Amino acid sequence: MSRMQLALNVDDLDQAVEFYSKLFNVAPAKRKPGYANFAVAEPPLKLVLLENPGQGGTINHLGVEVESSDTVHSEIARLSGEGLFTEEEINATCCFATQDKVWVTGPAGEKWEVYTVLSDSDTFGTSPKLLADSATESEESSVCCGTAGGSQEAQSAASTTSAACC
């Protein structure tokens, strides 16, 4: 099964978790400092919340979660064949999970990922790639899924590993 992913920046994680739990009638599948995700069955959606004060209500990135690494590799070949520049992250750690993924950038600069989760992780992860085009380009600020400037807990969790992002 594939499903769309929507990663949102939120100002207050507790408030956002309460709202989206009620909206989709489901509890978070994973909750960590500065981070929560929901596996919504209907409509099929992976909703990711990233505490990023001052950025609430904005899209962090978009994605498609797929079933296997083989599918990710097929998408890498397909997207490259379509002339889209891809950034591959194989066995990368981000958003408290180890993943295989490919990134592409849409015409308005929106970040899209096609990914599969290989295993859970106790670390959040970091990625200078995701924020390379953003206004904040220092490596210290470039953390997994764009949480630069996020909560102290999220920044602390993100700094525990130097692997790639979501």
Side-chain angles (χ1 to χ4, degrees), residues 3-41 43-66 69 72 87-103 109-166:
R3 63 180 161 198
M4 293 298 300
Q5 176 193 312
L6 173 60
L8 297 176
N9 293 312
V10 299
D11 289 322
D12 182 315
L13 186 64
D14 292 333
Q15 182 182 42
V17 164
E18 181 179 349
F19 174 81
Y20 287 107
S21 293
K22 291 176 182 176
L23 178 66
F24 291 113
N25 196 29
V26 63
K30 187 182 292 188
R31 177 114 189 233
K32 302 282 186 175
Y35 175 88
N37 79 40
F38 294 80
V40 181
L45 172 69
K46 174 66 92 48
L47 176 65
V48 177
L49 304 177
L50 298 152
E51 191 166 56
N52 217 342
Q55 300 297 313
T58 62
I59 293 175
N60 186 285
H61 66 278
L62 304 158
V64 178
E65 182 179 22
V66 296
S69 292
V72 171
E87 294 181 55
E88 302 168 28
E89 295 184 356
I90 306 302
N91 203 34
T93 299
C94 182
C95 297
F96 299 100
T98 302
Q99 307 166 9
D100 284 349
K101 67 179 70 194
V102 59
W103 288 97
E110 64 276 16
K111 299 290 186 184
W112 279 91
E113 67 175 328
V114 176
Y115 72 100
T116 191
V117 174
L118 304 173
S119 64
D120 272 347
S121 172
D122 290 332
T123 58
F124 187 75
T126 61
S127 178
K129 288 182 186 177
L130 184 60
L131 296 179
D133 297 328
S134 71
T136 307
E137 293 188 18
S138 75
E139 197 155 323
E140 286 181 70
S141 298
S142 299
V143 293
C144 179
C145 295
T147 59
S151 72
Q152 292 283 347
E153 290 175 294
Q155 288 179 20
S156 174
S159 67
T160 61
T161 182
S162 60
C165 182
C166 342

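Every value quoted in this text rests on a predicted model; they were computed, and no experiment measured them.
Residues passing the salt bridge (charged side-chain N to carboxylate O under 4.0 Å, His left out) test with Lys32, sequence neighbours excluded: none. Partners of Ala39 by side-chain contact (heavy atoms from CB on, under 4.5 Å), not counting sequence neighbours, listed by chain and number: Arg3, Ala29. Evaluation of the side-chain contact (heavy atoms from CB on, under 4.5 Å) rule for Ile59 yields Leu6, Leu8, Leu62 as partners, not counting sequence neighbours. Here Glu110 pairs with nothing under the salt bridge (charged side-chain N to carboxylate O under 4.0 Å, His left out) rule; sequence neighbours left out. Take Ser69 and apply the side-chain hydrogen bond (donor to acceptor under 3.5 Å, both in side chains) test, not counting sequence neighbours, and it matches Asp100. Scored by the side-chain hydrogen bond (donor to acceptor under 3.5 Å, both in side chains) test, Asn25 finds no partners at all (sequence neighbours excluded). Applying the side-chain contact (heavy atoms from CB on, under 4.5 Å) criterion to Asp11, with sequence neighbours excluded, gives no partner residue. The side-chain contact (heavy atoms from CB on, under 4.5 Å) test applied to Phe19 returns Leu23, not counting sequence neighbours. Legend: residues meeting side-chain hydrogen bond (donor to acceptor under 3.5 Å, both in side chains) with Thr116, ordered by chain and number and at least two apart, are absent. Residues satisfying the side-chain hydrogen bond (donor to acceptor under 3.5 Å, both in side chains) test with Gln15, not counting sequence neighbours, are none.
Although no hydrogens or angles enter the test, the distance criterion places a donor-acceptor pair under 3.5 Å between the side chain of Glu51 and the main chain of Leu13. With Ser121 contributing its side chain and Thr123 its backbone, the two residues share a donor-acceptor pair below 3.5 Å. At distances below 3.5 Å, not a single donor-acceptor pair connects side-chain atoms of Lys30 with backbone N or O atoms of Phe38.
To the nearest 0.5 angstrom, Thr58 atom OG1 is 3.5 Å from Asn9 atom CG. Note that the OH atom of Tyr20 and the CG atom of Asn37 stand 14.0 Å from one another [nearest 0.5 Å]. Going from atom SG of Cys94 over to atom OH of Tyr35 covers 7.5 Å, rounded to the nearest 0.5 Å. Taken from CD in Gln5 to NZ in Lys46, the straight-line distance is 6.5 Å, to the nearest 0.5 Å.
Between Tyr115 and Glu65 there is a side-chain heavy-atom pair separated by less than 4.5 Å. With a 4.5 Å cut-off on side-chain heavy atoms, Leu49 and Leu47 count as touching. Here the side chains of Asn91 and Leu118 are in contact, with some heavy-atom distance below 4.5 Å. Inter-residue side-chain proximity for Met4 and Val64 is flagged as met; some heavy-atom pair is nearer than 4.5 Å. At least one side-chain heavy atom of Leu45 sits less than 4.5 Å from a side-chain heavy atom of Phe24.
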Full working for side chain to side chain contact (heavy atoms under 4.5 Å, CB included) between Glu88 and Trp103: CA-CA 6 Å; Glu88 302 168 28; Trp103 288 97; over 6 Å; no
Verdict with reasoning, Val114 to Val66, per side chain to side chain contact (heavy atoms under 4.5 Å, CB included): CA-CA 7 Å; Val114 176; Val66 296; 3.9 Å; yes
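In terms of heavy atoms, Val102 sits closest to Val72 at N-CG1, 4.2 Å.
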